[in-house]
Amino acid sequence: MKWSKAFIPTVKEDPSDAEVLSHKLMVRAGLMRKLAAGAYTYLPLGYRTLRKIEQIIRQEMDAAGAQELHMPVIQPGELWERSGRLKAYGPVLMNFTDRHGRRVVLGPTHEEVITTLVANNISSYKQLPLNLYQIQTKFRDEYRPRFGVLRTREFLMKDAYSFHLTLDDLKITYQKMYDAYCRIFDRCGLDYIVVEAESGPIGGESSHEFMVPTEAGEDTLVRCSCGYAANLERATAATPQKETKESPKDLREMHTPGATTIEELTKLLKVPAEKLIKTLVLLGDGKPLAALIRGDHELNEAKLAHAAGVANVEMADAQTIEKLTGAAVGFAGPVGLSKLPIITDKAVQGMANAATGANKTDYHLLGVNPGRDFALSSVADIRLAQPGDRCAKCGGELQFSKGIEIGHVFQLGTKYSQALGADVLDEKGKTQPLIMGCYGIGLNRIMAATIETGADEQGIIWPMNIAPFQVILVQLGQSDQVLTTAQKLYEDLTARGCEVLWDDRSARPGVKFNDADLIGIPLRITIGEKALANGNVELKPRTEKQPQLLEPSRAVEATAKIIQSELKAFNI
RNA sequence: CGGAGCGUAGCUCAGCUUGGCUAGAGCGCUGCGUUCGGGACGCAGAGGUCGGAGGUUCAAAUCCUCUCGCUCCGACCA
């Protein structure tokens, strides 16, 4: 491809609306342009990389025994009512009403469609396991699209779904897919880690996320040197040591006018936050419940929902709280709070002589002792891990960092098959709900994560496997000798199967070198009069400072060899 | 959805506080010339509903109201 004929609009300055590195570089290198918030056009160069990522995924999915199919983007709203996810997804679901007044959903994912498909076409355990995937544009009306292509309203996703008679069989496929994911991300040249994850509205039991650690990520990773790794929603920290044997004091009421926050209380009572018990009033699937958390800890709603056995929890509004506690917001406490179930965090259990709200406006209780002053009917880990916490497995200090989620695998169980009636007959002729797994990869995120973690001041550095072109010919000047050499190199490299971008523009050398670095092609061959005077051209990898001088025919050999060996290295 | 900020040439921005000549700069683009190994230079040009609507005024990019879009923080979320 000759650059002069290609549509590669590079720009010198960072776009004003870009914040993260990958976003800036993708625009500057002419990979993409924004149409609207969370919607991007992939230009030819960017699309080449995206297609290469797609190809790698296809190969690995096929090798793992999955079969590719293609489902519709538009889906009947009725399907989503049946699965119960119309509500669960809420406003994130893009939908419209068609001319007949039917609600149509733009697919944010395809569990409903695939489960219906399989329900209608699979009826025997003999047809299992079945593993199906597609690569398709997904739609989500995100509250806040951001970070360039990392969170968009429209994105490319590989989604796979597997169907099984037994949990053991699911686990076999789950492991195969897990391994395939590792190969995919390895081949894309990414440094990633795998963490235990919460499954969110997809639902299900076990789940792992594939994360690329980088500051630009919006997920928080919690890791320990012992190998423990989880995302923040899932992470468990060790329960703090039981407090030294402080002898229990008597309950005492204290006037604390207007002190409704932990911060105000610590000042007023002159005790540290870890001596306070926060009493949070929430609604679990609409029913009130209270959660007790140590003053310096944060509630993890997902864990609480799990512990309470509900699908969804939200903070109760002020009116509800006042009605239930008999006090203004900020003065709730567990003592005498009999109207609603109380779930106590593990860290609260061992506290002694704590302070809590008195369920009386402008009053707090001191000397509160769990177990003595209120019942510990339900104790669970319901807090977020936080910096300074210890690992629950080895006691080491937990490390917090940011990451980009590029893939996610779930053991779904029977959530969708039961809702949508996907059954098969087992060997005894008995009806069984299908057990499902599902597996997703964000292709655009792979691209962005590669740039995010692999760029330098000059621009992008593509791994050979997903580079839009493998080698760039930088032709300096337009003299006959330079031109014929470049032409010959282009033909010879192409004949050897190399993907060549030929910068034949009449721009000055500096412009070409800077553009070549910016778009990050792994190998560069410079054809200029200087080296040609000695019959040479220059070969330089993107990551090296100094070029190597070679005769053109040798440069072709060397280039082809480097490409070969790098592609092979990625083909684990 | 709560908070903050921004919208002027293809891009990055100045001008707005204190209303007033023909609305500017750099980059990019077109033509000509000189250059040519890490983002050259000269000359000549093209390119603008100042996001949109309404209002105040003799006069609005500038002041007021409404509205749309975009970005960031929060909340939410594969």
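Each chain gets a letter, A, B and so on, in the order its sequence line appears, and its residues count up from 1. The figures that follow rest on heavy atoms only: side chains count, while hydrogens, waters and symmetry mates do not.
- Listed candidates were B:G38, B:U71, B:G28. Nearest to the side chain of A:Arg524 is B:G38.
- Side-chain atoms of A:His23 and A:Lys34 form no donor-acceptor pair, as typed in the model, at a separation below 3.5 Å.
- Contacts of A:Asp141 classified as salt bridge (Lys or Arg N to Asp or Glu O under 4.0 Å), with partners at least two apart in sequence or in another chain: none.
- When only modelled atom types and interatomic distance are considered, A:Tyr47 and A:Lys52 share no side-chain donor-acceptor pair under 3.5 Å.
- Side-chain atoms of A:Arg151 and base atoms of B:C77 include a donor and an acceptor less than 3.5 Å apart.
- Using a 4.0 Å heavy-atom cutoff across all strands shown, A:Glu538 reaches at least one base atom of the nucleic acid.
- Comparing atom distances between the A:Leu518 side chain and each of B:C76, B:G39, B:U12 picks out B:G39 as nearest.
- The residue A:Asp17 sits close only to the backbone: its heavy atoms come under 4.0 Å of sugar-phosphate atoms, none of a base.
- Of the candidate nucleotides B:C72, B:U35, B:G38, B:U35 has the atom nearest to the side chain of A:Arg508.
- One distance of note links CZ of A:Arg140 with OG1 of A:Thr109; it measures 6.0 Å at 0.5 Å rounding.
- Across all strands shown, B:G45 forms a Watson-Crick or G-U wobble pair, both distances under 3.5 Å, with B:C29.
- Each of B:G38, B:C70, B:U12 was ranked by its minimum atom distance to the side chain of A:Glu13; first place goes to B:U12.
- Considering only the side chain of A:Pro509, B:G37 comes nearest among B:C72, B:G37, B:G26.
- The listed nucleotides are B:A75, B:G39, B:U12; the one nearest the side chain of A:Val511 is B:G39.
- If you check B:C70, B:C76, B:G38 against the side chain of A:Glu301, the one that comes closest is B:C76.
- Side chain of A:Phe147, nearest nucleotide from B:C73, B:G38, B:A75: B:C73.
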